[in-house]
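Since the structure comes first, as structure tokens, the remarks are kept for the end.
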Amino acid sequence: EGSKQIHQQRSVNVNTGAPENHGNSGELIKSVVLGGLDGIITTFAIVCAVMGSNELGSKVVILMGISNLIADAISMGLGDYLSEKAEMDYVAKEQKREAWEMKNYLQGEIDEMADIYVSKGFKKDDALDILNNMVKNEQFFLEHMMVQEIGVMPVDPEANPGKKGAVTFLSFIMFGSVPLIVYCSLYNTLSQGNTFAISCVSVGMTMFGLGCLKAKILECDARETVKSGGMMVANGGLACSASYFLGWMLEKMLD
């Protein structure tokens, strides 16, 4: 019944020209989670490796942690921007080619789409009826071809790869700085072991918060939110534990 009411309201909105209530934060989930998770794990992995070796000391943690934090944040931000831009350029090129083919040999494109419809269970005549009506709206037909024939979403004129790159960079810096802030603020006042233990707890809480943030953006219920936080902690714990034991093992081998 709730779903029925929502769809009826959407129908009213379409008919009256009122905008639908869709969130726009979903497109940035990947950048927030990717940057944040990679930032906190990469930075804390350095802390874990140094603690595992038990020979390098706190200065190495601070030196390597800060330099790695900045370098990786720049690399991640630019990487996200460049990969998104490359994908957009590819889709734009394919869309331009399909538009050219439509202009020069429309019937060929209709026949290609009809074959796709037939492969999905339509009768050929029914497929041609649908497509011959659809092609009256050329832009819609072009975008439909992009999805069905090539398997990509059409070009989004409002897409902003620079924004995603900036979000990845900031998320990496924000979450990745947590282990260093905790460690640097405690290493002069507590023993190395206690400092590491508190850092582990702080990082675990941050990872849990990042997982909950992802679930919150996706509008999950309380159970799924806790599960998302737990999965993030398990993921980070596995990676950082591997870093700790590799540091311990390599120090023994190289001693």
Taking the side chain as every heavy atom from C-beta outward, state whether [X] and [Y] have any atom pair closer than 4.5 Å.
| X | Y | value |
| --- | --- | --- |
| Glu149 | His144 | no |
| Leu37 | Phe175 | no |
| Val50 | Met64 | no |
| Val32 | Val167 | yes |
| Phe141 | Met102 | yes |
| Phe245 | Cys48 | no |
| Lys124 | Asp115 | yes |
| Ile130 | Phe122 | yes |

Using every non-hydrogen atom in the two residues, find where [X] and [Y] come nearest and quote the distance to one decimal.
| X | Y | result |
| --- | --- | --- |
| Ala215 | Thr225 | CB-CA, 3.6 Å |
| Ser241 | Gly237 | OG-O, 2.7 Å |
| Gly229 | Phe208 | C-CD1, 3.4 Å |
| Ser243 | Ala45 | OG-O, 2.6 Å |
| Ile116 | Gln148 | CD1-O, 3.8 Å |

- [ ] Report, as yes or no, whether the 6.0 Å neighbourhood of atom CD on Glu224 holds more than 12 heavy atoms from other residues, nucleotides or ligands.
- [x]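 Counting other residues, nucleotides and ligands, CD of Glu224 exceeds 12 neighbours.
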Under 6.0 Å from the CD atom of Glu138, do we count more than 12 heavy atoms belonging to anything else shown?
-> no
Would you say [X]'s side chain and [Y]'s backbone share a donor-acceptor pair under 3.5 angstrom?
| X | Y | answer |
| --- | --- | --- |
| Ser228 | Gly211 | yes |
| Asn104 | Trp100 | yes |
| Ser177 | Met174 | yes |
| Thr43 | Ile40 | no |
| Asn132 | Leu128 | yes |
| Ser67 | Leu63 | yes |
| Thr42 | Gly39 | no |
| Gln95 | Glu143 | no |
| Ser31 | Thr168 | no |

Next item on the list: Carefully, step by step, assess Met146 and Met153 under the rule side-chain contact (heavy atoms from CB on, under 4.5 Å).
Entry: CA-CA 6 Å; Met146 295 290 293; Met153 295 299 294; over 6 Å; no
**OP:** Decide yes or no on side-chain contact (heavy atoms from CB on, under 4.5 Å) for Val182 and Phe44, but give the supporting numbers first.
**Re:** CA-CA 11 Å; Val182 174; Phe44 193 58; over 6 Å; no
Atom [atom1] of [X] and atom [atom2] of [Y]: how far apart are they, to the nearest 0.5 Å?
| X | Y | atom1 | atom2 | answer |
| --- | --- | --- | --- | --- |
| Leu142 | Asn137 | CG | CG | 10.0 Å |
| Lys227 | Asp221 | NZ | CG | 10.5 Å |
| Met232 | Thr206 | CE | OG1 | 12.0 Å |
| Glu94 | Tyr90 | CD | OH | 4.0 Å |
| Ile70 | Ile74 | CD1 | CD1 | 6.5 Å |
| Leu131 | Glu109 | CG | CD | 11.0 Å |

*Under the side-chain contact (heavy atoms from CB on, under 4.5 Å) rule, what do Met76 and Phe169 come out as? Steps first, then yes or no, please.*
CA-CA 6 Å; Met76 286 289 294; Phe169 173 82; over 6 Å; no
Checklist entry - Would you call the rings of Tyr244 and Phe196 parallel, tilted or perpendicular, where under 30° means parallel and over 60° means perpendicular? => result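 Ring orientation of Tyr244 relative to Phe196: parallel.
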State plainly whether one hydrophobic cluster holds both [X] and [Y], where clusters connect Ile, Leu, Val, Met, Phe, Trp and Tyr through side-chain heavy atoms under 4.5 angstrom apart.
| X | Y | answer |
| --- | --- | --- |
| Ile62 | Met51 | yes |
| Ile181 | Val47 | no |
| Phe172 | Tyr81 | no |
| Ile150 | Val91 | yes |
| Phe140 | Tyr117 | yes |

Could you check Ile41 against Met207 for side-chain contact (heavy atoms from CB on, under 4.5 Å), going step by step and ending with a plain yes or no? CA-CA 9 Å; Ile41 290 178; Met207 288 181 180; 3.6 Å; yes
State whether Asp89 and Lys93 are salt-bridged, where the test is any N-O pair (Lys NZ or Arg NE/NH1/NH2 against Asp/Glu carboxylate O) under 4.0 Å. no
